[in-house]
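Reading through the structure tokens given below for one structure.
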Amino acid sequence: MKVSIFTTCMMDLISPQVGKDMVEVLERLGCTVDVPEKQICCGQPTFNSGYVEASWPVMHNQIDALAAIDCDYIVCSAGSCTAIMKEYPTLLADDPTDPNGQYMAQAKILAAKMYEFSQFIWRVLGIADCGAELTTVATYHRSCHMTRLLGERETPFWLLENVKGLEVRQLAGIQYCCGFGGTFSVKESAISELMVTAKVSHAEATGAAVLISCDPGCLMNIGGRFNRLGKPIKIMHLAEVLNQNVDERRIRKVSEVPTPAPAPFP
Amino acid sequence: MGLKTSTLPFNERIAAAAQDQFAHASIAKAQDTQYDKREKARAELGHWQDWRKLGQSIRQHVLQYLPDYLEEFSDNVEKRGGHVFFAQTTEEANHFILDVIKQQNGHHVVKSKSMVTAELDLDKKLQALPDVSVLETDLAEFILQEDDWDEPSHIVFPAIHKDRNQVHTIFQKLGYTGDNDPKHMARFARQYLRERFLEADIGITGCNFAIADSGIINLDTNEGNADLADSIPATQIVVMGMERLVPSMKEAEIMDNLLARSAVGQKLTTYVTFEGQQSVGESDGPANFYVVILDNQRSQALGTEFQEILQCIRCGACLNVCPVYRQIGGHGYGSLYPGPVGAVLSPILGGYEQFGELPFASSLCAACTETCPVLIPLHNLLIKHREVETDRLKMMHGFTDLQMKMVGKGTASPFMFNTILRFKHLGLAPWTHQRPMSVTNFFAYGGAMITNGPGMVSGWTDVRDLPAPPKHQDDFRVWFKQHKQQRGDTK
Ligand code: SF4
């Protein structure tokens, strides 16, 4: 199975380790992984800030870059970026710079191949246990876009359940945004501060040593606030968790057929 | 004050909200309580997603044929002997209402809760009349009135920012001598209000839904005060936004269901009232029935990308799930309509000059869109506003604007992005510091942090630390190239 990695600008700029872990996990599970070279960013930083005209070229580049490499699936390290790429066909309907709908047509093909990392492992590969082991107490932060725009609420929990030695404690107020919101965190930092502080308190209250998520943006936000406050926590992307102390004999499939991805806002 | 509820600039409002510990705790508690009640009430109904679709289609249908339904409704009100006045502006509406009070020789006005009269700033106008007294009879609105007309901070629970001790202090000024038990205080308010109801000659109410095919209105309340306001005084003035119609009782029933479950987590509100001009043979109801239908820029949204916001039934659910509202409360928004619905609606009603910041006061987490009982894509409408302000009205200026345009260029060009990847570590070095780290495995390169970043980055580092970006040699893509070679790929 040929898999392209959708890197996201954040992974390229700040968190290379997430990418390395993703590649190693996917290869271990039998995928042939490649990284399309010209890809950059899904366009959310500008699009969600209202710079819509400036976003069309970003999206076009992303489409060209991902379409340039033949693959069965595209797997992304962030729920949020996955969600917007699945929304591309809707967004591009308003794109005046794509009059013949070429990008739109490509976007539809790409959207169908696009999966968030945990989703891909569970729903496409049908794998429940990646063989990982991590003996600690953790809590999981759900990103809003992964939960609501992508509609994926479950797969990270299922995969975490099968990590040997790991206790996952429920995060109170899990439905509330951590205050990242892309450029929101920068433009409305006063509001964002209140939100992320609330999230830090909730995470602290679980007594967990590790905070896990499927969105590096949220992790960078919550982790950054923890550090500013001088409070201890370990930050891990799910891919890093699934790449800890792996015992390949434990890798277990649950199904041979892909289970359909949920709809947004179920 | 009308639509705008504060003269403070946006950042000062946020700072004030951040300080207000009382409001913070009250709002969080109310949100959490409502969460459970709402989800339970919706689950009990079953097939919630289908009900939402039905609600959406009813509201969209009404908006599509709005002129026809307005005409039908107004014809039917008049057939029953009532009067309808179409007000383009708040001035026209106020003028008409004050005229009616004068004509009817009214001296004692009782009001039940109505956001549209707050939009008109009607209380102020009434207070200015000689020999006219005005009393808000919704318990929460009454509390605000007695607290020197404090501004509401929620569209369903206007006094959500006050706790019982604050209410206690307010009531003591009215002669209340009991304790701070909400039940006792409510009993006191009830008695106080009841006496005033009996002398009232004008009742002013809002309208949850106007029933087009019968010329009556539908009110959903929990306190019964609206029923007294529409049945004791001889004259009733209903004030409603121009979009609040349903074709018939059949649709009203569905909308009431969606509203009660979403707004207060009940199957139905305690009082579900259908009423209008008293007709021959009826023993109660207003002898003089007036309906004021307000436009106030609503029609500007018709036929535009913002039309869907007119589907809103003012249930307040989007406020109750909103993490931003949770932190800054209604007063932080500085609009009568706060929360996600307010951030979309306020710029339409009051313009971007006044309310241009509100669409940006959202992390786009989409909790609002997820909960809205009539499927308004709230977070997408917020992005639309941002687009209008940024691309069309060119309201963004200065360094931030320049930086955002550079972000656009940098993320569209592989050449530029590669350059950025090469120089990001070095470029940010002047702002990068070795710092003791409490967080482990935090992306941070070599344990270094950016603590007071340049330009837009400062917005980030005002609040939290930023991991230093890796050296180019340690980038993911560089690693992957080597990895591929080791893997033995020929390419
Ligand atoms: S926008 Fe939707 S959720 Fe918000 S108040 Fe209106 S109907 Fe309720």
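Note that this is a predicted model, so its numbers are computed, not measured. Protein chains get the first letters and strands the later ones, always in sequence-line order, with residue 1 at the start of each.
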How close do [X] and [Y] get, counting heavy atoms only, and between which atoms?
X        : Y        : answer
B:Ala361 : A:Phe184 : C-CE1, 4.1 Å
A:Val33  : B:Phe480 : O-CZ, 3.4 Å
B:His483 : A:Val23  : NE2-CG1, 3.7 Å
A:Tyr176 : B:Pro323 : CD2-CB, 3.9 Å
A:Ser189 : B:Gly459 : CB-O, 3.1 Å
A:Leu194 : B:His24  : CD2-CE1, 4.4 Å

Run the salt bridge (charged side-chain N to carboxylate O under 4.0 Å, His left out) test against A:Asp94 and tell me which residues pass, sequence neighbours left out. B:Lys384
Check each atom of [X] against the heavy atoms of chain B and say whether the ones under 4.5 Å are side chain, backbone, both or neither.
X        : value
A:Gln39  : both
A:Ala198 : side chain
A:Val35  : both
A:Ile14  : both
A:Leu219 : both
A:Thr183 : side chain
A:Met22  : neither
A:Gln17  : neither

Tell me, yes or no, whether the heavy-atom count around B:Glu39 atom CD, taken from other residues, nucleotides or ligands under 6.0 Å, exceeds 12. yes
Flag yes if more than 12 heavy atoms outside B:Leu426 fall under 6.0 Å of its CG atom; otherwise flag no. no
Distance in Å, [X] [atom1] paired with [Y] [atom2], rounded so as to fall on 0.5 Å steps:
X        : Y        : atom1 : atom2 : value
B:Phe476 : A:Asp21  : CZ    : CG    : 10.0 Å
A:Asp12  : B:Asn418 : CG    : CG    : 9.0 Å
A:Ser49  : B:Glu387 : OG    : CD    : 12.0 Å

For B:Asn441, which of A:Glu240, A:Lys234, A:His237 qualifies under side chain to side chain donor-acceptor pair (under 3.5 Å)? A:Glu240
Go through the steps to decide whether B:Asp465 and A:Arg225 satisfy the test salt bridge (charged side-chain N to carboxylate O under 4.0 Å, His left out), and finish with yes or no. CA-CA 6 Å; B:Asp465 296 332; A:Arg225 185 64 186 165; over 6 Å; no
Closest-packed option against chain A by number of heavy-atom pairs under 4.5 Å, given [options]:
options                                : answer
B:Pro469, B:Cys322, B:Ala367, B:Ser413 : B:Ala367
B:Asn380, B:Val478, B:Val388, B:Thr451 : B:Thr451
B:Asn11, B:Val457, B:Thr400, B:Ile383  : B:Ile383
B:Thr369, B:Leu421, B:Thr390           : B:Thr390
B:Asp32, B:Val407, B:Asp475, B:Val324  : B:Val324
B:Ile14, B:Val321, B:Asp391            : B:Asp391

Any donor-acceptor pair under 3.5 Å from [X] side chain to [Y] backbone:
X        : Y        : result
B:Arg386 : A:Tyr51  : no
A:His145 : B:Leu364 : yes
A:Arg228 : B:Thr461 : yes
B:Ser438 : A:Lys231 : yes
A:Asn227 : B:Val439 : yes

Between [options], which has the largest tally of heavy atom pairs under 4.5 Å with chain B?
options                              : result
A:Ala54, A:Gly19, A:Cys41            : A:Gly19
A:Pro232, A:Gly50, A:Gly43, A:Cys177 : A:Gly50
A:Glu53, A:Gln62, A:Lys38, A:Met11   : A:Glu53
A:Pro216, A:Pro16, A:Pro57, A:Cys9   : A:Pro16
A:Ile222, A:Leu13, A:Val196, A:Thr46 : A:Leu13

Closer than 4.0 angstrom, basic N to acidic O: yes or no for B:Arg487 and A:Glu24? no
Does any donor atom in the side chain of B:Arg464 or A:Ser185 lie under 3.5 Å from an acceptor atom in the other side chain? no
Candidate pair B:Tyr35 and A:Gln175, rule side chain to side chain contact (heavy atoms under 4.5 Å, CB included), full reasoning: CA-CA 11 Å; B:Tyr35 184 88; A:Gln175 72 272 30; 3.8 Å; yes
I'd like to check A:Met220 versus B:Trp460 (side-chain heavy atoms, cut-off strictly below 4.5 Å). Are they in contact? yes
Side chains of A:Asn61 and B:Pro414 in contact at under 4.5 Å (non-hydrogen atoms): yes
Under 4.5 Å from a heavy atom of chain A, the part of [X] involved:
X        : answer
B:Lys481 : side chain
B:His379 : side chain
B:Trp479 : side chain
B:Asp474 : backbone
B:Glu389 : neither
B:Arg392 : neither
B:Leu382 : neither
B:His425 : neither
B:Phe10  : side chain

Side chain to side chain contact (heavy atoms under 4.5 Å, CB included) between A:Thr7 and B:Arg477, worked out: CA-CA 9 Å; A:Thr7 52; B:Arg477 295 188 191 208; 3.5 Å; yes
Cation-pi, B:Phe360 ring and A:Lys187 (6.0 angstrom, 45 degrees): yes
